[in-house]
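What you see below is based on every heavy atom in this structure, not just the backbone, and it leaves out hydrogens, waters and symmetry mates.
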Amino acid sequence: MPAPVVKKPAAKKLPAVPESKLKFSKKQISKRAAESKRRLKRAAVLVLRKKENLVRAEKYQNEYIKADQREIKLRRLAKKRNQFYVPAEAKLAFVVRIRGINKVAPKVRKVLQLFRLRQINNGVFIKLNKATINMLRIAEPYITWGYPNLKSVRELIYKRGHVKHSRQRVPITDNFVIERKLRQAHNIQCVEDLVHEIFTVGPNFKYASNFLWPFKLNTPTGGWRKKANHYVNGGDFGNREDKINRLLRKMV
């Protein structure tokens, strides 16, 4: 009987593709899958935010219209009864620095520093109360201020709005610039939220105003009249109440 033939074990063949390359390609595939998943999620969030922002903007617009209609109704009612209608005191002011640094008293310099008005033609929104009104009086020869309307607030934020991000001045190019800083803590996620918070002097006004970089405005078209005189005396400094809106049209 012939002896059984013992088969030699076949030598292990080397893989056609090195293992390190296989690992790398698997890693790349999983990375691409995660990236595409992240993109899809981001796109869905953007669509949702867009809808939310539209709803908020419509709500605010209705609120502004109702407030205007209420004012008109109260004026007409007062006229009908042969009375005077006294509107509520302004809660919001826009302050613009009109003079430089020469011969500035230390107290005035400190007030301008607290208002963040470090350059000529810088402007900021201020909440009016007893303390801020006293500060405005101290720095009055160096500033002009008044009560902005909704159109002025909107134009300033949309046309000249910049925000603070990582100690840098970043322009408001989209809603995400605002959302990433203010949404979680203060429920402000779009430009219309910011406009509403500033104009109505809401509970988060302090954070919204501080988030905005001081506005850098142009010299008004046609120049200033006389900076050394008060506005009521044909000059420029001091409180010009609602006439600030006409000035802002020339400066934005």
Lys79: partners by side-chain contact (heavy atoms from CB on, under 4.5 Å), with sequence neighbours left out: none
Mind checking what makes side-chain hydrogen bond (donor to acceptor under 3.5 Å, both in side chains) contact with Arg38, not counting sequence neighbours? Glu35
Can you list the residues that meet the side-chain contact (heavy atoms from CB on, under 4.5 Å) rule with Gln69, with sequence neighbours excluded? Ile65
Members sharing Leu74's hydrophobic cluster (side chains within less than 4.5 Å): Tyr85
Does some side-chain heavy atom of Asn175 sit less than 4.5 Å from a side-chain heavy atom of Gln189? no
Between Phe205 and Leu92 the two heavy atoms that sit nearest each other are CE1-CD1, 3.7 Å
For residues Asn245 and Asp242, report the shortest heavy-atom separation together with the two atoms involved. ND2-O, 2.9 Å
Would you please name every residue forming a side-chain hydrogen bond (donor to acceptor under 3.5 Å, both in side chains) with Tyr147, sequence neighbours left out? Asn239
By side-chain hydrogen bond (donor to acceptor under 3.5 Å, both in side chains), which residues pair with Asn233, not counting sequence neighbours? none
Counting only N and O atoms by type, is there a donor-acceptor contact under 3.5 Å from the side chain of Ser209 to the main-chain atoms of Lys206? no
Qualifying residue for side-chain contact (heavy atoms from CB on, under 4.5 Å) with Ile198, from Leu156, Leu150, Val153: Val153
Apart from Leu77 itself, its cluster of hydrophobic side chains linked below 4.5 Å comprises none
List the atom pairs, donor and acceptor, that lie under 3.5 Å between side-chain atoms in residues 117-130 and the rest of the protein, sequence neighbours left out.
from	atom 1	to	atom 2	distance (Å)
Asn121	ND2	Thr219	OG1	3.1
Asn129	OD1	Ala131	N	3.2
Asn129	OD1	Thr132	N	2.9
Asn129	OD1	Thr132	OG1	3.0

Residue pairs meeting salt bridge (charged side-chain N to carboxylate O under 4.0 Å, His left out), one or both in residues 214-238, sequence neighbours left out, come to Asp236-Arg240
Beyond-backbone contact of Trp213 with Val163, side-chain heavy atoms, under 4.5 angstrom: no
Using a 4.5 Å cut-off on heavy atoms from C-beta on, say whether the side chain of Leu182 contacts that of Phe211. yes
Which residues pass the side-chain hydrogen bond (donor to acceptor under 3.5 Å, both in side chains) test with Arg246, not counting sequence neighbours? none
Side-chain contact, heavy-atom cut-off 4.5 Å: Ile157 with Phe215? yes
Hey, does Arg160 have a side-chain heavy atom less than 4.5 Å from the side chain of Leu217? yes
For residues 42-50, dump all side-chain donor-acceptor pairs below 3.5 Å to protein atoms at least two apart in sequence or in another chain.
from	atom 1	to	atom 2	distance (Å)
Arg49	NE	Glu179	OE2	2.9

Can you pull out every salt bridge (charged side-chain N to carboxylate O under 4.0 Å, His left out) where at least one residue sits in residues 183-198? Sequence neighbours excluded, please. Arg56-Asp193, Arg154-Glu192
In terms of heavy-atom contacts, Pro148 and Phe199 come closest through O-CE1, 4.1 Å
